[in-house]
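Before any comments, here is the structure.
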Amino acid sequence: MQVDSGGVLQNAGPASAPGGSAAPVRTAGPPGAGSGDRPPPRRRRRGELLPALPFLVAKVLLFGTFIAFPFVYTVYLTFQRGSLLTGLSFAGLENYRNVVRDTLFHETLRNTALFMLVVIPLTLVVTCAVGLLLSSRIRGIGVYRSLIYTPSLLSIVVAGLIWKMLIDRETGPLDRVTTALGFDVPWLTDGTTAIVFLSVVTVWTSIGFYSLLFMSAFNNVDPDLVDAARIDGAGGWQVLTKIKLPLIRPVAQVVLVLVTINAVQLFDLVYVMTQGGPGTATYTAMWYVYQNAFNGGSVPYAATMSLVLLVITAVIAGIFINRSRSEADDV
């Protein structure tokens, strides 16, 4: 502060801080300046949400039309009797009681379980081995990867027709080769052989997709760990079993869940190759559902069996997922 000639105090400017530098002066500024220009958080969230609304509405409509409504209507049908054409009436738990007493449905579950026991380990072993080979660094590996993925590009129906022609008793080249070697293979005329053959065709159709998953997992293994193991004297088999396979366990568990779900839903190959025969040896659960829904059966009863299969599949998948999570927590 300074005193002028009239004795009036005047502000001489900002005071000097020690060392000769001027101390900063803070000013509040005009109203609405600085942080006051920002809109309230709620209004800002609304502004961010509006552009996304059309995409959210489309998602909700698609989910409701193709997933939520069919599921709710299926549950509704399980409590009905009659036909969609002649009309439905409330049946309570009658369809569920019929499922419990249906011996043919029990047989289809046994056939499906047998198919799962064959196709799940076969798929895991074959696709893991192929994935390991595809992850190796050899000349022309890109060509091999393309060729191994080719069966996955075919539809299940086309694949079934191809294999059915290969084993035809009159013109099938595969049947002629086995016959010339002295083997009379009952491809689709024996129940157990038919289940095994359906499993082989299923593995062939899915080998490309699952092999690429395993190949990616093997390629993501840290090479430093492999080099360290080899320096310590580990051989190829020890490196595979002690390092690579434990590290790709999460991918193997995903493949296990996917193969299990697909095995429960087996229908296409049965429709194309066996029609449930011989007898009811390849009558899978989904084939029985199809027969009841479209070949003179009961649509409400087919809906009930579908819901039961959904619960069974969810339980099996849940067991696998919980086990994988517990193993991950232990690690």
ask   = Backbone N or O of D224 within a donor-acceptor pair of the D222 side chain at under 3.5 Å?
value = yes

note = Note: S83 and L88 closest approach over all heavy atoms is O-CD2, 3.6 Å

Check: F218 main-chain N/O paired with K244 side-chain donor or acceptor under 3.5 Å = no

message = Test your reading of the model: is there a side-chain donor-acceptor pair from T193 to the backbone of T189, 3.5 Å cut-off?
response = no

request  = Using a 4.5 Å cut-off on heavy atoms from C-beta on, say whether the side chain of F197 contacts that of I167.
outcome  = yes

query = How long is the gap from OG on S298 to CG on N95, to the nearest 0.5 Å?
reply = 6.0 Å

request  = Walk me through it: do Y288 and E107 pass the test side-chain contact (heavy atoms from CB on, under 4.5 Å)?
outcome  = CA-CA 10 Å; Y288 191 37; E107 184 178 355; over 6 Å; no

ask   = Taking atom types as modelled, is there a side-chain donor on T78 or Y96 under 3.5 Å from an acceptor on the other?
value = yes

key: Any side-chain heavy-atom pair of V57 and P54 under 4.5 Å   = no

task = Quick one: closest heavy-atom pair of L77 and A303, and the distance?
result = CB-CB, 3.8 Å

key: F209 side, atom CZ; S152 side, atom OG - distance, nearest 0.5 Å   = 8.5 Å

ask   = So which heavy atom on I195 is nearest to which on N111, and how close?
value = CD1-O, 4.3 Å

query = Between atom CZ of F71 and atom CZ of F63, what is the distance when rounded to the nearest 0.5 Å?
reply = 10.0 Å

ask   = How many angstroms lie between CZ in F105 and CE in M305, if you round to the nearest 0.5 Å?
value = 6.5 Å

request  = I would like to know whether V203 and Y210 meet side-chain contact (heavy atoms from CB on, under 4.5 Å); could you show each step before the answer?
outcome  = CA-CA 10 Å; V203 173; Y210 296 134; over 6 Å; no

query = Of the options T282, T284, T202, which is the one that meets F115 in a side chain to side chain contact (heavy atoms under 4.5 Å, CB included)?
reply = T202

query = Run the side-chain contact (heavy atoms from CB on, under 4.5 Å) check on W287 and T274 step by step: do they pass?
reply = CA-CA 11 Å; W287 175 255; T274 66; over 6 Å; no

key: S89 and Q80 side chains, donor-acceptor separation under 3.5 Å   = no

query = Between atom CG of L225 and atom NZ of K242, what is the distance when rounded to the nearest 0.5 Å?
reply = 15.5 Å

ask   = Is M286 reachable from V299 through a run of I, L, V, M, F, W or Y residues, each pair having side-chain heavy atoms under 4.5 Å apart?
value = no

query = Can you find a pair of side-chain heavy atoms, one from I248 and one from L245, that are under 4.5 Å apart?
reply = yes

inquiry  = So does L212 get a backbone contact from the side chain of S216, meaning a donor-acceptor N/O pair under 3.5 Å?
reply    = no

ask   = Is I319 linked to L117 within one hydrophobic cluster, defined over Ile, Leu, Val, Met, Phe, Trp and Tyr using a side-chain heavy-atom separation of less than 4.5 Å?
value = no

key: Lys/Arg-Asp/Glu bridge criterion (N-O < 4.0 Å) met for R169, D184   = yes

inquiry  = Students often mix this up, so state it plainly: with edges at 30° and 60°, are the rings of Y290 and F294 parallel, tilted or perpendicular?
reply    = tilted

query = What is the distance from atom OH of Y149 to atom CG of L134, rounded to the nearest 0.5 Å?
reply = 12.5 Å

key: F90 and F79 aromatic ring geometry - parallel, tilted or perpendicular at 30°/60° bounds   = parallel

query = Side chain of T280, backbone of Y283: donor and acceptor closer than 3.5 Å?
reply = no

ask   = Can you check side-chain contact (heavy atoms from CB on, under 4.5 Å) on Q275 and V270, steps first, answer last?
value = CA-CA 5 Å; Q275 293 284 308; V270 175; over 6 Å; no

inquiry  = Donor-acceptor check, side chain of S135 to backbone of M215, threshold 3.5 angstrom: yes or no?
reply    = no

query = Would V157 and V200 show up in the same hydrophobic cluster when neighbours are defined by side-chain heavy atoms closer than 4.5 Å?
reply = yes

ask   = What about M165 and W187, same hydrophobic cluster or not, with Ile/Leu/Val/Met/Phe/Trp/Tyr joined at side-chain heavy-atom distances under 4.5 Å?
value = no

request  = Over all heavy atoms of both residues, which pair between L154 and W204 is shortest? Give the atoms and the distance, please.
outcome  = CD1-CH2, 3.8 Å

message = Between D168 and T171, is there a side-chain donor-acceptor contact under 3.5 Å, judged purely by atom types and distance?
response = yes

message = Tell me if a side-chain donor or acceptor on T86 pairs with a main-chain N or O of G82 at a distance below 3.5 Å.
response = no

request  = Could you tell me whether Y271 atom OH has more than 12 heavy atoms of other residues or ligands within 6.0 Å of it?
outcome  = no

query = Any donor-acceptor pair under 3.5 Å linking the side chain of Q265 with the backbone of N262?
reply = no

key: Within-4.5 Å side-chain heavy-atom neighbours: Q253 and I321   = no

note = Taking every heavy atom of D175 against every heavy atom of V185, the minimum-distance pair comes out as OD1-O, 4.4 Å

ask   = With distance as the sole test, does R81 use its side chain to make a donor-acceptor pair with the main-chain N or O of P300 at under 3.5 Å?
value = no

task = Find out if a path of hydrophobic residues (ILVMFWY) with successive side-chain heavy-atom gaps under 4.5 Å connects L166 to F183.
result = yes

request  = Please confirm whether the backbone N or O of N98 pairs with a side-chain atom of D102, one donor and one acceptor, at under 3.5 Å?
outcome  = no

key: Minimal non-hydrogen separation, A194 against P278, with atom names   = CB-CD, 4.4 Å

